[in-house]
There are 4 protein chains.
Amino acid sequence: MNDKDIKMVNQEEPVVPRTHSEKEGITNRLKRIEGQVRGLQKMIDEDRYCVDVLVQISAVKAALDKVGYQMLERHAKMCVTNAVKEGNGEEYMDELMKVINQYSK
Amino acid sequence: MNDKDIKMVNQEEPVVPRTHSEKEGITNRLKRIEGQVRGLQKMIDEDRYCVDVLVQISAVKAALDKVGYQMLERHAKMCVTNAVKEGNGEEYMDELMKVINQYSK
Amino acid sequence: MNDKDIKMVNQEEPVVPRTHSEKEGITNRLKRIEGQVRGLQKMIDEDRYCVDVLVQISAVKAALDKVGYQMLERHAKMCVTNAVKEGNGEEYMDELMKVINQYSK
Amino acid sequence: MNDKDIKMVNQEEPVVPRTHSEKEGITNRLKRIEGQVRGLQKMIDEDRYCVDVLVQISAVKAALDKVGYQMLERHAKMCVTNAVKEGNGEEYMDELMKVINQYSK
């Protein structure tokens, strides 16, 4: 789970900048996820049945997976593809494979 | 991901009530996760590199998995075990298996 | 992945013996999986496209997951439930949780 | 799990052919996996304890994951990278993302 183990390129921002609308879309998803996590705290506060809480945790994980996959796909199709075209794709592709390996765990 | 597909017992609260200390432990973990999700929003706001964001999403998922597994284990060892001992364990065990199947997806 | 890290009870056979029909069912599934793995070798031998092979590997994994889940469910509902009823369920439940944790990785 | 849902390019063989040594490496791994699956059948035949079988199924899945990841990585770094360089990378990258999404399920 260590940043340093996965990141391989000296890159601080996306290779292809996120548009305003892309940033808004991701932020809205993350805000909904934040609300779901607060909902989980409320369920614990209200002594809700374990399985109800577990089903909800599973829903939050699915939402995180969705936003993660969306970002991964955009990164591969835009940033990595661009880097390959400009002839320095090797380390971006290596890094992409490390991220994917991390996610499959 | 539907509550109704998984929940099988007519139970509103844990079979064995959570202690104050157990509730506090879970709530603290969930608050940290909420903070991590806000951190993700900040990363998007600051145009951080895709892989940095993805590594962080992976960390949030791992934290959720941990709190979920902790609750699942407690539910199995306390609630389900109790129900089995009192002779009505069958539907609790069925339900537990459904939860586990859901989590493995 | 170490047997010794997960197994907690001194048990050589299922607590509730598998019926002839149960054994036959599992064996048939495993034989099909063995055939699928041989099919993968043939695909490599025939220089088949990577994605075709990967889709097939994914199918074998799904088949293994299915037979694993079927055995896990039967173990929980029969062996673990029996042990709990006879008053020595604690270590069987501990062990079940370890198996589940292993599978979710 | 449908081939047609994932495969997007009209490709029958790897874009970059597998060397003899690569084919041998993959085939050896798959033969070992085939042996493990036969070992599972023997365990059922010998009425081995459920958890022993489950630990072994988990080992086979890990071995399949390893060979799958190895092929995925090779496909991305060689076939997809090549296609991107030659200007027809888009559908190969789309397809790669579909495979990855399939594997993460």
Side-chain angles (χ1 to χ4, degrees), chain A residues 1-3 5-9 11-15 17-18 22-24 26-27 30-31 33-38 40-41 43-62 64-65 67-68 71-72 74-76 78-80 92 95-96 98-99 102-103 105, chain B residues 1-3 5-9 11-15 17-18 22-24 26-27 30-31 33-38 40-41 43-62 64-65 67-68 71-72 74-76 78-80 92 95-96 98-99 102-103 105:
Chain A
M1 206 64 58
N2 195 330
D3 201 337
D5 295 340
I6 291 175
K7 195 175 177 180
M8 295 183 72
V9 303
Q11 187 82 32
E12 294 306 319
E13 305 198 348
V15 177
R18 291 178 196 109
E22 281 181 317
K23 288 176 68 169
E24 204 173 52
I26 301 168
T27 302
L30 291 172
K31 275 186 182 156
I33 292 170
E34 189 194 331
Q36 286 177 302
V37 177
R38 264 199 302 272
L40 284 170
Q41 292 168 48
M43 290 179 92
I44 296 301
D45 192 49
E46 292 169 349
D47 290 315
R48 291 283 299 279
Y49 179 48
C50 320
V51 170
D52 291 328
V53 183
L54 287 166
V55 167
Q56 203 43 38
I57 290 178
S58 181
V60 182
K61 274 181 58 188
L64 267 174
D65 268 334
V67 70
M71 292 195 65
L72 184 72
R74 194 253 183 218
H75 174 63
M78 304 201 71
C79 303
V80 180
Y92 284 86
E95 189 188 66
L96 180 66
K98 281 193 175 183
V99 175
Q102 169 71 33
Y103 264 80
K105 272 172 191 165
Chain B
M1 205 64 57
N2 196 332
D3 201 336
D5 295 338
I6 291 176
K7 195 175 179 180
M8 296 183 70
V9 303
Q11 186 83 32
E12 294 306 320
E13 305 199 347
V15 177
R18 290 178 197 109
E22 282 180 317
K23 289 176 67 170
E24 203 173 54
I26 301 167
T27 302
L30 290 171
K31 275 185 182 159
I33 292 169
E34 189 194 332
Q36 286 178 302
V37 177
R38 266 200 300 272
L40 284 170
Q41 293 167 47
M43 290 178 92
I44 297 301
D45 192 49
E46 292 171 349
D47 290 315
R48 292 282 299 279
Y49 179 47
C50 321
V51 170
D52 291 329
V53 182
L54 287 165
V55 167
Q56 202 44 38
I57 291 178
S58 182
V60 182
K61 273 181 59 188
L64 267 174
D65 268 334
V67 71
M71 291 195 67
L72 183 73
R74 195 255 184 217
H75 174 64
M78 304 200 73
C79 304
V80 180
Y92 283 86
E95 189 188 66
L96 180 66
K98 281 195 177 182
V99 175
Q102 169 70 33
Y103 263 80
K105 271 170 191 165

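The chains referred to below are lettered A, B, ... by the order of the sequence lines, with proteins before strands, and numbering in each begins at 1.
In this structure, CZ on A/Arg18 lies 6.5 Å from CG on B/Asp47, to the nearest 0.5 angstrom. To the nearest 0.5 Å, atom CD1 of residue A/Ile33 and atom CG of residue B/Leu64 are 9.5 Å apart. Taken from CD in A/Glu46 to NZ in B/Lys23, the straight-line distance is 9.0 Å, to the nearest 0.5 Å. Annotation: the span from B/Tyr49 atom OH to A/Glu13 atom CD amounts to 12.0 Å, rounded to 0.5 Å.
Two residues are said to be in side-chain contact when any heavy atoms from C-beta on lie closer than 4.5 Å; A/Met71 and B/Ile44 meet this criterion. Annotation: side chain of A/Gln102 is not in contact with side chain of B/Val55 (no heavy-atom distance under 4.5 Å). Between B/Asp45 and A/Thr27, the closest side-chain pair of non-hydrogen atoms is not below 4.5 Å.
For a residue to count as touching a neighbouring chain, one of its non-hydrogen atoms must lie under 4.5 Å from one of that chain's; by this rule B/Leu40 touches chain A with backbone and side chain alike. Contact of B/Glu95 with chain A is made through the side chain alone, with heavy-atom distances under 4.5 Å.
Considering only heavy-atom pairs separated by less than 4.5 Å from chain A, the leading option among B/Leu30, B/Asp65, B/Val37 is B/Leu30. When each of A/Gln36, A/Arg74, A/His75, A/Glu22 is scored by its heavy-atom pairs under 4.5 Å with chain B, the top score falls to A/His75. Chain B forms the most heavy-atom pairs under 4.5 Å with one residue out of A/Leu72, A/Val67, A/Leu96, and that residue is A/Leu72.
No side-chain donor-acceptor contact under 3.5 Å links B/Lys61 to the backbone of A/Lys61.
Across B/Tyr103 and A/Leu54, no two heavy atoms sit closer than the pair OH-O, 2.8 Å.
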